[in-house]
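Written below as C-alpha cells is the structure these notes are about.
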Amino acid sequence: MAITLKELLDSGAERLSLELVWGEGRLDRPIEEKAINRPGLALTGFFQYFAQRRLQVFGLAEFTYLKSLSTADREARLRGILEKNVPAIVISRNRNPLPELRALAEEYGTPLLRSTMITSHFINECTLVLEELTAPRDRIQGTMLELMGIGVLLQGQAGIGKSETALSLIGRGYSLVADDVTEVVRTNEGRVVAFAHELTRYHMEIRGVGIVHVPSLFGVAAIRREAMLDIVINLHPYTNDAEEDRTGIEPGSIEVLGIKFPFYSLPVSSGRDMANIVEATALNYKLKMLGHDAAKELDEKLIGRFLRKTAG
Amino acid sequence: MAEEKIILREFKVLNKYGIHARPAALLVKTAGKFTCDIFIGRKGAEVSAKSIMGLLTIEGHHGSVMHVRIVGDDAEEALAEITELFENKFFEE
C-alpha cells in the first residue's frame, strides 16, 4: 500500500524535522516503496540498478561528491536521477539545495524536502515513520481499556453493556483507550496497538446519559492515548448451553490483524457485576503471564492425588 | 401431584486421571443442559453435577465408584448423556 508525501509530512514532519522546500502542489505523489535510498551510485552515472520508487536522501557524502564535479557534470548527473521520476528528494543536515537541484526539481515537478537531522538518524527515523504509516491496520468493534498494564478489548453485541462495564472500571481507577470503536495497528514486533479515532477520542456513550467526556468527569488518569492489546473479552447473554470455558485451562483465542490473542467469553445476567469479572479476568491473565496458572496448578494437584489413590 | 422422577445409578471412573478439571468441566456442561437436579458423589457425600468446584471435591480417582442421583422431568435424557461420558472415559485415556 503506497502512502503519499502529504501523509508522510502530516504525521512525520515534526518527528523528522522535515520541511517542504519546493513542491506544494505535488504532495499527492505516492511513495511506492517504504525504504529509503541514498543515490550515491546513481550520482556517478550508474543506473543499471536504481531504486527509483524510494525517497532519495542527499547527505554530506552526496553533497561533497556533487561539489567535486564540474557544473555541467553536476547538472547532468542530477538530471539523470530526476528523470527517473523519484517520489521526492530529501536533503539532510539542513543544507541549502544546490541551485541546479532546485531548478531540476521544479522542471520535473519533484518535491524537495529538507531535514535538520543528520543523514543516518533521518534514515532510521523516516523508515520507522514509513513502517508505521504502512503497517496493517483495522477498525474493530469493541471498547478498549487498560487495566494494570493489561490491554483489554471488550466486545459484545449492542446493548450488552460494554460501555457501562467500562464506566465501572474507570470508576475503579482503570483507563479508557477507546469506546465502542477501536483502531488497531500491527507493529513490527508482532504486537497490536489499540487507540481511538481522533475525533471521538476520550468520549464515550452511556445509554440514557448520552455522550460524556471521560477526562472531564474522571480526570486525566482515567484515559490513555493507546495501549498494547493483550486479551479480548466478549460479553454474551447468559444461556444454559453456551460454550464457556469452565476451568480456564484451555482458553480460546481470537485473531486480530493476523495475531492470536486469548479470548474469554463472559456470560452477562442480572446480578453479575461485569466490571468485577472483567477485572478478575485481566488479573488472572496477568498472574498467568507471571508463570502462575491457578487452574492448571489445582488440576495437577488433583491428578497427583488421584494417581496416588489409584496406586494405593 | 405426580411423583418426581428419581434415577439412581453407579458408575466406575475409568479414565486414568480421574475426575480432574477437564472431565469435571464436561460433566458441568452436560448437566447444565437439563432442568433436572443431578448429584454425583460417594455415599453420603454428594455434590451437584452443575458445580465445578463441587465436582473437584468428590475425589473421583481412577477405579472409584460414583453414585449418581438424578431428580426431575428430563432425568432419562440426562442419564443417557452422563452414562456416555463415564463409559467413554470422558474422552481421554
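We name chains A, B, ... by the order of the sequence lines, and we start the count at 1 in each one.
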Open item on the list: Return the CE to OG1 distance between B/M53 and A/T247, rounded to the nearest 0.5 Å.
Closed with: 11.0 Å

Take atom [atom1] of [X] as the centre, draw a 6.0 Å sphere, and report whether it contains more than 12 heavy atoms from other residues, nucleotides or ligands.
| X | atom1 | value |
| --- | --- | --- |
| A/I211 | CD1 | no |
| A/R225 | CZ | no |
| B/R9 | CZ | no |
| A/K296 | NZ | no |
| A/Y238 | OH | no |
| B/R42 | CZ | yes |
| A/E250 | CD | no |

Open item on the list: Report which part of A/R308 has an atom under 4.5 Å of a heavy atom belonging to chain B: side chain, backbone, both, or neither.
Closed with: neither

- [ ] Give, as side chain, backbone, both or neither, the part of A/E300 having an atom under 4.5 angstrom from any heavy atom of chain B.
- [x] neither

Task: Per-residue contact mode, B/L56 against chain A (heavy atom under 4.5 angstrom) - done: both

[X] versus [Y], closest heavy-atom pair with distance:
| X | Y | answer |
| --- | --- | --- |
| B/A21 | A/D299 | N-OD1, 2.7 Å |
| B/H20 | A/L302 | CA-CD1, 4.3 Å |
| B/K50 | A/R246 | O-NH2, 3.9 Å |
| B/I19 | A/F306 | O-CE1, 3.3 Å |

- [ ] Name the option with the most non-hydrogen atom pairs under 4.5 Å to chain A; the candidates are B/H61, B/H62, B/K16.
- [x] B/H61

Task: Most contacts with chain B, counted as non-hydrogen pairs under 4.5 angstrom, among A/I249, A/T310, A/L298, A/L307 - done: A/T310

